[in-house]
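Working notes, beginning with the structure itself.
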Number of protein chains: 2
Amino acid sequence: MPPKDFISALEVAQRAGVSRSAVSRTFTPGASVSAETRKKVTDAAEALGYHVNELARGLMRNQSGIVCLIVSDVATPYRSALLRELTGKLQNAGKVAMLINTDRSDGSVDRALSQAIRYRADASIILSGLPDASIVRLCLKNGQRLVLINRDDDEPGPLKINLDDFEAGERIVTAFARAGCKSLAFANSDAGTPSLMGRERGFVAAATRLGLEVSVERYGWTGYEAGRVLAQRFLTRPRRPDAVFCATDLLACGFMDAARHQFGISVPDQLCIAGFDDIEQASWLSYGLTTFAQPVAEIAAKAVRWLSIDENGNDTGSHSARLTAELVWRTSIRAG
Amino acid sequence: MPPKDFISALEVAQRAGVSRSAVSRTFTPGASVSAETRKKVTDAAEALGYHVNELARGLMRNQSGIVCLIVSDVATPYRSALLRELTGKLQNAGKVAMLINTDRSDGSVDRALSQAIRYRADASIILSGLPDASIVRLCLKNGQRLVLINRDDDEPGPLKINLDDFEAGERIVTAFARAGCKSLAFANSDAGTPSLMGRERGFVAAATRLGLEVSVERYGWTGYEAGRVLAQRFLTRPRRPDAVFCATDLLACGFMDAARHQFGISVPDQLCIAGFDDIEQASWLSYGLTTFAQPVAEIAAKAVRWLSIDENGNDTGSHSARLTAELVWRTSIRAG
DNA sequence: GCCGCCTTTGCAAGCGTGTGCAAAGCTTGC
DNA sequence: GCAAGCTTTGCACACGCTTGCAAAGGCGGC
């Protein structure tokens, strides 16, 4: 069996007894074809198992229909949830998603990105906290539409989707205060991405405003293990905090587990904990984590909608959206 | 700024003072170019910001370099871990991953798949338990290489990667028996995929062989919530099991949480629990789940290696690999 | 009946690349 | 110095598709 023998529009045309153009027009929305020829063509195409060659079409139109998703930490609950939403919505919009994994620190990132450019992707969506601004410039320079999620690059052109991180930090302080907490802690990763730092700044600002004791630790990556380490640091202090806001749900899970199982601390009686993202595990019985929900569906919808609008020619120019993270109450903070 | 103005090999050729073929050959591995012209070309390409148009190249070669990943439940810990490994390794192999999300039950799956065919993907890797065999046939018919992970279709041609599910089911019975358990339970989803059923059959077979009491429940999807429901079913029985094997770690987490927090049962003292997959959460302090580890890295490596071998012309034909899932001991089963 | 208009159709010119073929240039051995 | 052999280079065609252009056909209004 010959591994590749796709049938071309020409063969369909011959079988249908029409010209090659007619076939092409049949599969081009908005082209002028009579109902009769369209029928003949689709019948022949069906019989032969014809599929438009999107490579050739993209070559002509100079527009590939490919959207590439640039993402690190794919296996993380929050990222994979966002990925699910994005791919689903892109498919519904008739686009196709190319996945670029920026986990590896070697040259594979650049290689993959350049690959995306070589495939003439129409757009890129960057979900990664990766701080490399040159990637952004490269995409823009090559005529790609760009969506930045939870980043803060200043380059004009891309759609920037951000959350109200600072305000979330402030709001959770109020919740802690209402629960009677006096000594506040912020557990952060040392990744230093703008969203994480925004939460931290809001938290610290609000705490000092209320005259509450507050301290910050930063360590490692935003995962479970780092949460445990941060708990170690906070809970071995002479004066333990009675409330901690973790920059991430994963950090919060690690923190809570360490507090309970290594230090025998009862949550929320002796320690209130809050997180950010609302990953699935936050709702599990073992955690019942009060946390801020990232509106992943809304983020994905906004991104895809913007890409589609743009496609229709309206140059929407630089734009930015600011969504709010809603606080989901569970059981890791005492009632007020 | 014109949104799209890529520069072509022709422009590079003119700037470098060579023919367009020379440019083409410079970027084609194994082609005959002198070091001198190669230098001139790469310099010019660099200066102009040239990127080979992979669409045109794919059109000529009839081979796109695209591998499409067909996956459902992307946001699930096990799936996203596998996805991470696959995309990383594909990138290293110089291929590019196209992601197709089969979560939606409407027509978008077929549409997306047909899109993959229209992009002339060289291969597809199916990680989804989706039982639709017509997809398999469609891929094969269109000359794609195919890798099936944890499925059991009979079609010849694809590489099939499977685990020793049956044996795992048997092995865990031994572990339970050694822990002194007498009344065994198997908590399954009702998805009925071959890997899940394999674990169940092995478990039941070994248990009856040892003369141990064993019973099975199947419910819902393979997630956390189903685990809670299954716990409800088993633990409200007049005679409770003292050991349960969950077909999936997610099921096990839900089961364990329900057992502890809703029924006040102590794990592993009153109830031993084991899972399958070794997702990250299995190692979290709240669970300490003894479970079988899916060798995701090895699975991904095998899949990608096979794709690359194939590319070099050796028609490896139908092939199948059987990997073993190693039992990771934690604290959810009593010591023997 | 003729003219203008609108819809449908075919022709052919591209899109950016790979590659067979032949010519040219260079090396080697005598 | 010359023929044979190898390497390098350019030409031109092919890949499968879209689309502007013009020709053809259908239709109504005068």
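Bear in mind that the values here come from a model prediction, so they are computed numbers and not experimental data. A, B, ... follow the sequence lines: proteins, then strands. Residue 1 opens every chain.
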Could you give all pairs that pass the ring pair (Phe, Tyr, Trp, His ring centres under 6.0 Å) test and reach [range], with sequence neighbours left out?
range: residues 29-48 of chain B; value: none
range: residues 76-95 of chain A; value: none
range: residues 7-26 of chain A; value: none

Is there, by distance only and without an angle test, a donor paired with an acceptor across the side chain of A:S21 and the base of C:dC11 below 3.5 Å?
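Answer is yes: a donor-acceptor pair is held.
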
Has the side chain of A:R25 got a donor or acceptor that lies under 3.5 Å from a partner of the other kind on the base of C:dG10?
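In this structure, the two groups form a donor-acceptor pair.
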
Counting only heavy atoms and a strict 4.0 angstrom limit, can you tell me which residues of residues 39-52 of chain A come near DNA chain D?
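Going residue by residue through residues 39-52 of chain A, the ones with a heavy atom under 4.0 Å of DNA chain D turn out to be A:Y50, A:V52.
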
Pick base, sugar-phosphate or nothing for A:S24, based on heavy-atom distances below 4.0 Å to the nucleic acid.
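Base, at least one base heavy atom under 4.0 Å.
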
Rounded off to whole Å, could you give me the [atom1]-to-[atom2] distance for the [X] and [N] pair?
X: B:E54; N: C:dT17; atom1: CD; atom2: C1'; answer: 10 Å
X: B:L10; N: C:dG14; atom1: CG; atom2: P; answer: 13 Å
X: B:I7; N: C:dG16; atom1: CD1; atom2: C1'; answer: 12 Å
X: B:E11; N: C:dT17; atom1: CD; atom2: C1'; answer: 14 Å
X: B:N62; N: C:dT19; atom1: CG; atom2: P; answer: 12 Å
X: A:R38; N: C:dT8; atom1: CZ; atom2: C1'; answer: 12 Å
X: A:L59; N: C:dA13; atom1: CG; atom2: C1'; answer: 14 Å
X: A:R20; N: C:dA13; atom1: CZ; atom2: P; answer: 12 Å

Taking only distance into account, with no hydrogens and no angle test, what donor-acceptor pairs under 3.5 Å do side-chain atoms of residues 6-19 of chain A form with protein atoms, sequence neighbours excluded?
from	atom 1	to	atom 2	distance (Å)
A:S8	OG	A:L10	N	3.3
A:E11	OE2	A:S8	N	3.0
A:S19	OG	A:S21	N	3.3
A:S19	OG	A:A22	N	3.3

Reading DNA chain D in the 5' to 3' direction, which nucleotide is the first one with an atom under 4.0 Å from a heavy atom of chain B, and which is the last?
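From 5' to 3', the first and last contacting nucleotides are D:dT8 to D:dG16.
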
Near-strand residues of residues 28-35 of chain A, defined as heavy-atom separation under 4.0 angstrom from DNA chain C:
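A:S32, A:V33, A:S34, in order of number.
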
Measure across [X] and [Y] and return the closest heavy-atom pair with its distance rounded to 0.1 Å.
X: B:L159; Y: B:A303; answer: CD2-CA, 4.3 Å
X: A:S80; Y: B:V74; answer: CB-O, 3.9 Å
X: A:N101; Y: B:Q91; answer: N-OE1, 2.7 Å
X: B:L69; Y: B:A97; answer: CD1-CB, 4.1 Å

Quick one, A:S64 and B:L55 - any side-chain contact, counting heavy atoms below 4.5 Å?
yes

Under the side-chain hydrogen bond (donor to acceptor under 3.5 Å, both in side chains) rule, what pairs show up with a residue in residues 50-59 of chain B, not counting sequence neighbours?
A:R118-B:E54

Residue pairs involving residues 25-49 of chain B (criterion side-chain hydrogen bond (donor to acceptor under 3.5 Å, both in side chains); sequence neighbours excluded)
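Only B:S34-B:T37, B:K39-B:D43 qualify under side-chain hydrogen bond (donor to acceptor under 3.5 Å, both in side chains).
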
Going by the salt bridge (charged side-chain N to carboxylate O under 4.0 Å, His left out) test, which pairs reach into residues 60-73 of chain A, not counting sequence neighbours?
A:D73-A:R79

For B:K89, enumerate each residue passing the salt bridge (Lys or Arg N to Asp or Glu O under 4.0 Å) test, keeping only those at least two apart in sequence or located in another chain.
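B:E85.
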
For B:L83 and A:L99, what are the C-alpha separation, side-chain angles and deciding distance, and is it a side chain to side chain contact (heavy atoms under 4.5 Å, CB included)?
CA-CA 10 Å; B:L83 193 61; A:L99 188 55; 4.1 Å; yes

Overall bend of the helix from C:dG1-D:dC30 to C:dC30-D:dG1 (five pairs an end, 10° steps) is 40°

Residue mapping more 5' on DNA chain D - nearest nucleotide basis, B:M60 or B:S19
B:S19

